[in-house]
Amino acid sequence: MSKMVNPCKYEELSDEEKYELLKKVINDYQRKESNLIQILHLAQVIFGYLPFEVQTFIAREMDLPFSKVNGVVTFYSFFSTRPKGKHLIRVCLGTACYVRGGKKLLSRLKEMLGIDVGETTEDKQFTLEVMRCIGACGLAPSIMINEEVYQRVTPDKLQQILTERGYSGR
Ligand code: FES
């Protein structure tokens, strides 16, 4: 692959620069349909999510029907068509977490943030998602915020955890 910019700096790029970079990625992957998933992954890293415009761009550049690109994006849960917040909160609803209070944590988070699953707060700070087992069942219930795992979380602990991430209460 050709030289890439520091991933931490993608958000500082202009739209034009992002599309230019995406074009490079598509070329690096030789515009092959078999590389579509990898291209979409990188497009999501560059743009943060995969809106209609980005999908259209990829379809055009790869000479694929939009329905093909959109079909892959909507099939895989790791692709998002909506922008995500700075802090991605994922509540584990695997069996152990579910029975040990995961559902309560989810309700509390919805209440605190004023959003539903799949939504992002207006200030773009928090996105709420659910996930299946993250392999920390022994200390359930667990949640993840970005790459960090929190175990034995209680609804009361949530306030503290979120405050550390800049939550100021709503
Ligand atoms: S069920 Fe939640 S970590 Fe395994």
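Just so it is clear, the model here is predicted, and its values are computed rather than measured. When a ligand or atom number is given, it counts from 1 through the structure's own listing order.
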Checklist entry - Going by distance alone, is a donor N or O of one side chain under 3.5 Å from an acceptor N or O of the other, for Thr154 and Asp156? => result no

Next on the checklist: Tell me whether ligand 1 is touched by Ala136 - counting only heavy atoms on the residue side and a distance under 4.0 Å.
Outcome noted: yes

Checklist entry - Any idea how Tyr76 and Phe79 line up, ring-wise: parallel (<30°), tilted (30 to 60°), or perpendicular (>60°)? => result perpendicular

Next on the checklist: Determine whether a donor-acceptor pair (N or O, by modelled atom type, separation under 3.5 Å) exists between the side chain of Arg100 and the backbone of Cys137.
Outcome noted: yes

Checklist entry - Mind checking whether atom 4 (Fe) of ligand 1 has an N, O or S of Cys97 under 2.8 Å? => result no

Next on the checklist: Show the atoms of ligand 1 that are less than 4.0 angstrom away from any heavy atom in Cys137.
Outcome noted: 1 (S), 3 (S), 4 (Fe)

Next on the checklist: Under 2.8 Å from atom 4 (Fe) of ligand 1 - does any N, O or S atom of Cys92 fall there?
Outcome noted: no

Checklist entry - Does a sphere of radius 6.0 Å around CZ in Arg165 hold more than 12 heavy atoms from other residues, nucleotides or ligands, not counting ones at 6.0 Å or beyond? => result yes

Checklist entry - Which atoms of ligand 1 have any heavy atom of Ile134 under 4.0 Å away? => result 3 (S)

Next on the checklist: Using a 4.0 Å cutoff against the non-hydrogen atoms of Ala96, which atoms of ligand 1 qualify?
Outcome noted: 1 (S)

Item to check | Side-chain touch Lys124/Lys86, heavy atoms, less than 4.5 angstrom | outcome: no

Item to check | Those atoms of ligand 1 less than 4.0 Å from some heavy atom in Gly94 | outcome: 1 (S)

Next on the checklist: Rounded at 0.5 Å granularity, tell me how far CG in Leu106 sits from CD1 in Ile143.
Outcome noted: 10.5 Å

